[in-house]
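Since the structure comes first, as structure tokens, the remarks are kept for the end.
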Amino acid sequence: MPELPEVETIVRDLRPQLVGRQIRSAKLSHEDVLRGVTKRRLLTALAGARVVGVTRRAKHAVIDLELPARTARLVIQPGMTGSLIIHDRALTPDEAKYAVLRAPLDDGRELIYRDVRRLGTILLLDDRGWSAYDAALGPEPLDPALTPARFAGILASSRQAIKKVLMDQRKIVGVGNIYANEALFAAGIDPSRPSSRLTTHDSRRLLKHVRRILSAAIASQGTTFRDYRTGTGATGNFQLELLVYGREGEKCRVCGTRLAHTHEIDARITVFCHRCQQ
DNA sequence: ACGAGGTCCTGCGAGC
DNA sequence: TGCTCGCAGGACCTCG
């Protein structure tokens with residue numbers, strides 16, 4: 001499930017291939033992925049657009065476009081099962097089936113947004129729209145501007161379970177279920193603990209582990225459980241390094257206790273060690 | 001402001 | 001074998 005490390009990997013793979021390229025045309029198979037833009041407006045804007053930048057913000061891939069008379073940002077959030085890949089060959093029938101957006105490029109290759117479950121979203125924003133969208137998102141966890149004090153302030157402002165706060169994109173971006181589980185385990189913090197009850201020491205440790213784990217996951221090209229692929233179509237490798245997510249019922253790698261799981265926080269699976277996370 | 005629960009989507013695996 | 005059903009979940013919504 002594309003969280004920060006997965007989208008960062010996609011963006012790093014796409015950037016050298018996509019910047020400078022012109023999009024010839026575009027086709028969209030399903031309109032239900034669009035947010036705030038009609039199919040007609042999106043396809044019209046993409047046809048002939050030049051890509052001038054590929055960046056990441058939160059869990060979104062942001063493709064900066066130069067249009068004849070204006071600029072625009074194509075914002076793709078892969079959701080659960082989305083991937084962005086540049087193909088230099090014809091698609092297999094299976095690949096074509098789930099290709100939601102297809103955009104042939106001026107070099108003969110094709111940019112494909114693939115999304116099996118289509119929980120991902122596509123936006124097309126102008127500068128003002130982007131500013132508003134960006135402003136509603138929390139700070140980037142890997143940005144040094146997010147100081148331990150600022151992070152502590154964010155956590156102190158909510159009585160919700162720390163895991164839920166960590167996954168709230170308005171408070172801090174990029175962390176989803178997998179990395180929230182991993183970071184809380186590494187920091188030895190009970191996921192259900194009210195965020196505001198964490199000590200300064202807790203929040204410092206948590207930020208450190210969030211950063212360490214996100215960085216390690218980027219280095220491993222992300223976590224592939226089923227659908228996630230890098231920008232070149234490869235699987236990630238960080239699933240091999242997970243200590244709790246997907247390991248419920250197995251033994252804790254630190255203390256050997258059987259890992260517990262619950263759906264009580266935000267109706268998502270939380271896997272944790274009773275002993276290491278008190 | 002908060003918690004609870006529903007919605008979107010489809011593939012997959014369990015159970016019968 | 002073939003069917004139904006629950007689950008996976010990020011973001012967003014409504015309701016109380």
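A note on names: the letters A, B, ... follow the listed sequences, proteins ahead of strands, and every chain is numbered from 1.
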Q: Could you tell me whether A:Asp127 and A:Arg70 have a side-chain N and a carboxylate O separated by less than 4.0 Å?
A: no

Q. Which is true for A:Asp32 with a 4.0 Å heavy-atom rule: it touches a base, it touches only sugar-phosphate, or it touches nothing?
A. sugar-phosphate

Q) OP1, OP2 of B:dG11 versus side-chain N and O of A:Tyr98: anything below 4.0 Å? A) yes

Q: Could you pick out which residue, A:Asp266 or A:Val116, lies toward the 5' side of DNA chain B when each is mapped onto its nearest nucleotide?
A: A:Asp266

Q.
Once side-chain hydrogen bond (donor to acceptor under 3.5 Å, both in side chains) is applied, do any residues pair with A:Arg57, and if so which ones, sequence neighbours excluded?
A. A:Asp134, A:Glu140

Q. What residues, two or more places apart in sequence or in another chain, satisfy side-chain hydrogen bond (donor to acceptor under 3.5 Å, both in side chains) together with A:Tyr133?
A. A:His60

Polar-atom pairs under 3.5 Å, protein N or O versus N or O of nucleotides 6-10 of chain C: list them with distances, or write none.
| from | atom 1 | to | atom 2 | distance (Å) |
| --- | --- | --- | --- | --- |
| C:dA8 | OP1 | A:His263 | NE2 | 3.1 |
| C:dA8 | OP2 | A:His263 | NE2 | 3.2 |
| C:dA8 | N3 | A:Arg117 | NH1 | 2.8 |
| C:dG9 | OP1 | A:Tyr245 | OH | 2.4 |
| C:dG10 | OP2 | A:Arg268 | NE | 3.1 |
| C:dG10 | N7 | A:Arg268 | NH2 | 2.4 |

**Q.** End axis versus end axis in the helix from B:dC2-C:dG16 to B:dC16-C:dG2, the angle rounded to 10°, five pairs used at each terminus
**A.** 50°

Q) Mind checking what makes side-chain hydrogen bond (donor to acceptor under 3.5 Å, both in side chains) contact with A:Arg258, not counting sequence neighbours? A) none

(Q) In this structure, how many angstroms lie between the C1' atom of B:dC9 and the OH atom of A:Tyr113, rounded? (A) 11 Å

**Q.** Partner set under ring pair (Phe, Tyr, Trp, His ring centres under 6.0 Å) for A:Tyr245, not counting sequence neighbours
**A.** A:Phe225

(Q) Just to be sure I understand the geometry, which residues of residues 151-164 of chain A put a non-hydrogen atom under 4.0 Å away from DNA chain C? (A) none

Q) Would you call A:Asp94 and A:Lys97 a salt bridge, using N to O less than 4.0 angstrom? A) no

Q.
By the salt bridge (charged side-chain N to carboxylate O under 4.0 Å, His left out) test, which pairs, at least two apart or in different chains, include something from residues 142-162 of chain A?
A. none

Q) Tell me, which pairs form a side-chain hydrogen bond (donor to acceptor under 3.5 Å, both in side chains) where one or both residues lie in residues 31-52 of chain A, sequence neighbours left out? A) A:Asp32-A:Arg118

Q) Within this structure, what is the CD1-to-P distance between A:Ile76 and C:dA11, rounded to whole angstrom? A) 15 Å

Q. How would you list, by chain and number, every residue that makes a side-chain hydrogen bond (donor to acceptor under 3.5 Å, both in side chains) with A:His209, sequence neighbours excluded?
A. A:Arg212

Show me, pair by pair, the donor-acceptor contacts under 3.5 angstrom made by side chains of residues 214-224 of chain A, not counting sequence neighbours?
| from | atom 1 | to | atom 2 | distance (Å) |
| --- | --- | --- | --- | --- |
| A:Ser215 | OG | A:Arg211 | O | 2.8 |
| A:Ser220 | OG | A:Ala216 | O | 3.3 |
| A:Ser220 | OG | A:Glu241 | OE2 | 2.8 |
| A:Thr223 | OG1 | A:Tyr179 | OH | 2.7 |
| A:Thr224 | OG1 | A:Tyr228 | O | 3.2 |
| A:Thr224 | OG1 | A:Gly236 | N | 2.6 |

Q.
Tell me the interatomic distance from A:Arg35, atom CZ, to B:dC9, atom C1', rounded to whole angstroms.
A. 11 Å

Q | Interatomic distance, A:His30 NE2 vs B:dC8 P [rounded to whole Å] | A | 15 Å

Q | Those residues that, when tested against A:Glu8, pass salt bridge (Lys or Arg N to Asp or Glu O under 4.0 Å) (two or more places apart) | A | A:Arg12, A:Arg56

